[in-house]
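Structure, as structure tokens:
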There are 2 protein chains.
Amino acid sequence: MVNFDLGQFINEHRKAAGLTQIQLADLAGIGKTTVFDIEKNKKSVRWDSLMAVLDVLNIDVQFISPLKK
Amino acid sequence: MVNFDLGQFINEHRKAAGLTQIQLADLAGIGKTTVFDIEKNKKSVRWDSLMAVLDVLNIDVQFISPLKK
DNA sequence: TAAATATTACTGCCTTAGCGGTAATATCTG
DNA sequence: CAGATATTACCGCTAAGGCAGTAATATTTA
């Protein structure tokens, strides 16, 4: 997961879903600017904004640690 | 990953690491208030703040989707 | 129990993410 | 190519996240 390009990952999934940035923004309930920022790997976006996008694109998030849970 | 309690997950890892909230905040380069908010599952925190905490605690993030990568 | 430490909560200030509107490119499509 | 569509970029405004300081509880430890 080092240097993982989340922006590109999301971009690919958005296009695979046949959505424009504006459509994705509307579905996620956020602004188009934020979608653009996320795909450009802006790190200071809000966690819930990112989650909303991942949810629309059916992308799951997993937290892995040596202290397996 | 439905209804995953990230706040508690982080709380457990912080204690396993023997860190107080203030120590974790300092190591992550963020304020103690933010660490508190994260452990309380505040969703509107910034993505980079959360990442900084996960990094200190050696927790990896993985994004999973049907369109396997 | 008492003292020390940690967590939770609240306050006010400052910074900035998020936003829509707009426009300039870039890309797709007939 | 020309038109339509999409992406990228920039602009101010506003709401709210982040912060240190402080204090009230809660927890731990001697």
Side-chain angles (χ1 to χ4, degrees):
Chain A
M1 189 59 49
V2 181
N3 285 346
F4 175 68
D5 192 337
L6 179 58
Q8 181 180 337
F9 185 74
I10 290 176
N11 178 279
E12 291 170 353
H13 279 71
R14 173 175 63 78
K15 290 183 175 172
L19 298 173
T20 67
Q21 291 180 331
I22 293 179
Q23 288 172 329
L24 176 55
D26 289 343
L27 287 173
I30 64 177
K32 65 175 175 26
T33 309
T34 304
V35 170
F36 171 74
D37 287 340
I38 288 174
E39 291 192 1
K40 285 295 177 183
N41 284 311
K42 181 181 177 184
K43 296 297 192 302
S44 53
V45 293
R46 278 166 42 176
W47 171 233
D48 54 355
S49 298
L50 180 57
M51 286 289 288
V53 167
L54 296 178
D55 191 54
V56 170
L57 298 178
N58 201 29
I59 298 173
D60 190 43
V61 182
Q62 289 190 2
F63 300 94
I64 314 296
S65 79
L67 274 60
K68 62 173 305 185
K69 184 161 197 308
Chain B
M1 189 59 48
V2 182
N3 285 345
F4 175 68
D5 192 338
L6 180 58
Q8 181 180 337
F9 185 74
I10 289 175
N11 178 280
E12 291 170 354
H13 280 71
R14 175 175 60 79
K15 289 182 175 173
L19 297 172
T20 67
Q21 290 181 330
I22 293 179
Q23 289 173 329
L24 175 56
D26 289 343
L27 287 172
I30 64 178
K32 65 180 178 13
T33 309
T34 304
V35 170
F36 172 74
D37 288 340
I38 289 175
E39 291 192 1
K40 285 295 177 182
N41 284 311
K42 183 179 179 183
K43 295 298 191 304
S44 54
V45 293
R46 279 166 43 174
W47 172 233
D48 55 354
S49 297
L50 181 56
M51 287 289 287
V53 167
L54 296 177
D55 190 55
V56 169
L57 297 178
N58 201 29
I59 298 173
D60 191 42
V61 182
Q62 289 191 3
F63 300 95
I64 314 296
S65 81
L67 274 61
K68 61 174 304 183
K69 186 161 197 305

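None of the values given here were measured: they were computed from a predicted structure.
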Quick one: label A/Ile30 by what it contacts on the DNA or RNA (base, sugar-phosphate, nothing), any heavy atom closer than 4.0 Å.
sugar-phosphate
When we call it a touch if two heavy atoms are under 4.0 Å apart, what does B/Thr33 touch: a base, just sugar-phosphate, or nothing?
base
When you look at A/Val61 and B/Phe63, which way does the side-chain contact (heavy atoms from CB on, under 4.5 Å) test go after all the steps?
CA-CA 5 Å; A/Val61 182; B/Phe63 300 95; 3.9 Å; yes
Taking only heavy atoms on the protein side, list every residue of residues 40-47 of chain B lying under 4.0 Å from any atom of DNA chain C, sorted numerically.
B/Lys40, B/Arg46
Interatomic distance where [atom1] belongs to [X] and [atom2] belongs to [N] [whole Å]:
| X | N | atom1 | atom2 | value |
| --- | --- | --- | --- | --- |
| A/Leu19 | D/dT5 | CG | P | 17 Å |
| B/Glu39 | C/dA9 | CD | P | 12 Å |
| A/Lys32 | C/dA17 | NZ | P | 16 Å |
| A/Ile22 | C/dG20 | CD1 | P | 10 Å |
| A/Leu24 | D/dT8 | CG | P | 13 Å |
| B/Gln8 | C/dT7 | CD | C1' | 16 Å |
| A/Phe36 | C/dT27 | CZ | P | 13 Å |

If I take atom CD1 from residue A/Ile10 and atom CG from residue A/Leu24, how far apart are they, to the nearest 0.5 angstrom?
8.0 Å
Donor-acceptor contact below 3.5 Å, side chain B/Asp37 vs main chain B/Lys42
no
Salt bridge flag under 4.0 Å for residues A/Lys43 and B/Asp48:
no
Report the nucleotide, chosen from D/dT8, C/dA9, D/dG18, that has the shortest atom-to-atom distance to any side-chain atom of B/Thr34.
D/dG18
When you measure from the side-chain N and O atoms of A/Ser49 to the phosphate of C/dA17, is any distance below 4.0 Å, counting only OP1 and OP2?
no
Around atom CD1 of B/Ile64, are there more than 12 heavy atoms of other residues, nucleotides or ligands at under 6.0 Å?
yes
What residues, two or more places apart in sequence or in another chain, satisfy side chain to side chain contact (heavy atoms under 4.5 Å, CB included) together with A/Lys40?
A/Phe36
